[in-house]
Amino acid sequence: MALSSISKLNNVNTWAAATNKSIHHDSYFKKRIRIIAAAQSSGGGLAAEYEEGQLERPKWTGETPLSRLVGALISFKPLYSLLKLGARQVLISTAEKTSIPWRDMTNEILDSDVYKEKDAIEDSSIVYPDYYLNPFHAYDEGNLSWLAAAEAEAATMSMVRRAIPNASSLDEANQIVRGNWLQAIETHHNQYSGYSAIHDILDIGCSVGVSTRFILDKFPSAKVTGLDLSPYFLAVAQYNDKRRNQGKEKVKWIHGNGENTGLPSKSFDLVSIAYVFHECPERAIKNMAKEAFRLLRPGGTFAVTDNSPKSKILQELSPVLFTLMKSTEPFLDEYYLTDLEATLELVGFVNVQTVLTDPRHRTVTATVPYS
């Protein structure tokens, strides 16, 4: 059964590509998307323009026949185990081919004193949502394991290199992926918040603090807080923060739930969520959007960056790659079926904008109204 399905899946690639070309853009969705690169080159002006696909979302998501076929493959446990290993190997292979020292980075964390940071930062009263206890990213314990935490930064680097495969270096890839994301945030805030200063920033789902460090570099005078549900990830974030800053912490790290942070209302000028929503069911996405609205001051900016349903590259992934991706992302269908822009508007956000900030990822920004 499994081998027969794999054969069907391989054959479907040509069919899917042909089908994609015959489908026109959804006019309403098209109006709400600005497909531009937000980052500016050193000489000023837009750095690049990225191409959108012809579909509202990839054919391999949602309730399509192709999506159901992939779901059936993943539900076959012997095959699922192989897919999980394959997905992990894709990341490691990308890392090794692009001079990212995956194994060395992982061992450096696992052989360090990081473990005591978990004892200091963990909130034992936290009740984990049911969806968070699912396997993620080929780890049976999901984000609640030392191996996942130790490999997270290398995996993030690999993701960036896969997003910009022609970049000459990781730094160049980050200038595009991270630079465009941060420029989109700054541009939005300046345009809709009257150039008001950004004093307080919250990075929800901060993982091991990679996105948080880029935010801090972009807004060096701001007070930055990183919040995550995984005490393992936070332990690595705090350990690296101290290691890079001679024992001092530049970021305040909090073990908490992004759906209900417990932080004071109207206490931040910017709330960012980077590469988190694709790991969440729709109900969690909506709850985090509501929480971000509560936490932001009037005129504050909410920014989400994640996989773009409109990405031409993601829409045209090979059957092998999209099957591997879905095998490690249990809520990917819910993410792609969620109208994020409409969700933010229903919560109360205004000036909702979407920018394709690299070939695979979008950045959605929105404002809390002044009244």
Side-chain angles (χ1 to χ4, degrees), residues 1-17 57-62 64-107 110 131 133-165 170 173 207 275 278-280 306-308 311 313-336 359-361:
M1 173 264 189
L3 292 175
S4 173
S5 297
I6 290 174
S7 176
K8 291 178 182 177
L9 191 59
N10 285 326
N11 291 336
V12 89
N13 191 31
T14 303
W15 166 81
R57 65 183 64 88
K59 197 76 174 179
W60 42 265
T61 63
T64 65
L66 180 57
S67 179
R68 287 195 291 270
L69 174 58
V70 173
L73 287 172
I74 294 170
S75 67
F76 185 59
K77 288 188 177 181
L79 183 57
Y80 168 72
S81 297
L82 292 175
L83 290 171
K84 194 168 60 171
L85 290 174
R88 175 180 168 79
Q89 189 55 45
V90 165
L91 282 176
I92 296 175
S93 176
T94 298
E96 292 177 339
K97 288 177 181 177
T98 54
S99 301
I100 297 169
W102 181 294
R103 289 175 176 82
D104 289 344
M105 292 177 68
T106 299
N107 290 333
L110 294 176
Y131 70 86
L133 301 176
N134 277 273
F136 283 106
H137 301 159
Y139 304 104
D140 290 337
E141 303 88 356
N143 294 333
L144 297 173
S145 76
W146 282 116
L147 183 59
E151 292 187 333
E153 184 160 5
T156 299
M157 292 177 178
S158 184
M159 177 273 291
V160 170
R161 290 310 304 261
R162 288 187 68 79
I164 314 295
L170 177 62
S207 181
Y275 311 108
H278 73 276
E279 298 180 2
C280 301
D306 215 316
N307 296 343
S308 173
S311 163
I313 288 178
L314 292 182
Q315 290 187 6
E316 297 179 358
L317 282 180
S318 71
V320 171
L321 285 178
F322 64 64
T323 303
L324 291 176
M325 181 186 295
K326 292 190 75 171
S327 71
T328 65
E329 303 285 4
F331 300 105
L332 204 57
D333 280 341
E334 287 196 51
Y335 168 72
Y336 278 114
R360 289 173 178 253
H361 303 109

If I compare all heavy atoms of [X] with all of [Y], which pair ends up nearest, and what's the gap?
| X | Y | value |
| --- | --- | --- |
| Thr61 | Asp333 | CA-OD1, 3.2 Å |
| Pro359 | Ser311 | O-OG, 2.6 Å |
| Gly62 | Ser67 | O-OG, 2.8 Å |
| Leu317 | Met325 | CD1-CE, 3.6 Å |
| Trp102 | Ser158 | CZ3-CB, 4.4 Å |

Using side chain to side chain contact (heavy atoms under 4.5 Å, CB included) as the criterion, list what pairs up with [X], not counting sequence neighbours.
| X | answer |
| --- | --- |
| Ala173 | Val160, Arg161, Ile164, Ala167 |
| Asn307 | His278, Leu314, Leu332, Tyr335, Tyr336, His361 |
| Pro101 | Asp104, Met105 |
| Asn107 | Asp111 |

Do the side chain of Lys326 and the main chain of Ile74 share a donor and acceptor less than 3.5 angstrom apart?
->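 No, the answer is negative, given that no donor and acceptor are paired below the 3.5 Å cut-off.
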Full working for side-chain contact (heavy atoms from CB on, under 4.5 Å) between Phe331 and Asn134 | CA-CA 10 Å; Phe331 300 105; Asn134 277 273; 3.7 Å; yes
Decide yes or no for Phe322 and Leu66: does some side-chain heavy atom of the first lie under 4.5 Å from some side-chain heavy atom of the second?
->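 They are in side-chain contact.
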Is the closest side-chain heavy-atom distance between Glu279 and Glu329 below 4.5 Å?
->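 In contact.
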Checking side-chain contact (heavy atoms from CB on, under 4.5 Å) for the pair Leu83/Thr323: CA distance, chi angles, key distance, verdict?
-> CA-CA 8 Å; Leu83 290 171; Thr323 303; 3.9 Å; yes
Kindly list each side-chain donor-acceptor pair under 3.5 angstrom involving residues 140-148, sequence neighbours excluded, with atom names and distances?
| residue | atom | partner | partner atom | Å |
| --- | --- | --- | --- | --- |
| Asp140 | OD1 | Lys84 | NZ | 2.5 |
| Ser145 | OG | Ala148 | N | 3.1 |

Could you state the interatomic distance from [atom1] ([X]) to [atom2] ([Y]), rounded to the nearest 0.5 Å?
| X | Y | atom1 | atom2 | result |
| --- | --- | --- | --- | --- |
| Arg68 | Ser75 | CZ | OG | 13.5 Å |
| Met157 | Ser99 | CE | OG | 12.0 Å |
| Ser327 | His137 | OG | NE2 | 10.5 Å |
| Ser318 | Leu324 | OG | CG | 8.0 Å |

Contacts of Thr94 that satisfy side chain to side chain donor-acceptor pair (under 3.5 Å) - sequence neighbours left out |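 By the side chain to side chain donor-acceptor pair (under 3.5 Å) rule, Thr94 matches Arg162.
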Begin from the C-alpha positions of Tyr139 and Arg88 and carry the test side-chain contact (heavy atoms from CB on, under 4.5 Å) through to its verdict.
-> CA-CA 9 Å; Tyr139 304 104; Arg88 175 180 168 79; 3.6 Å; yes
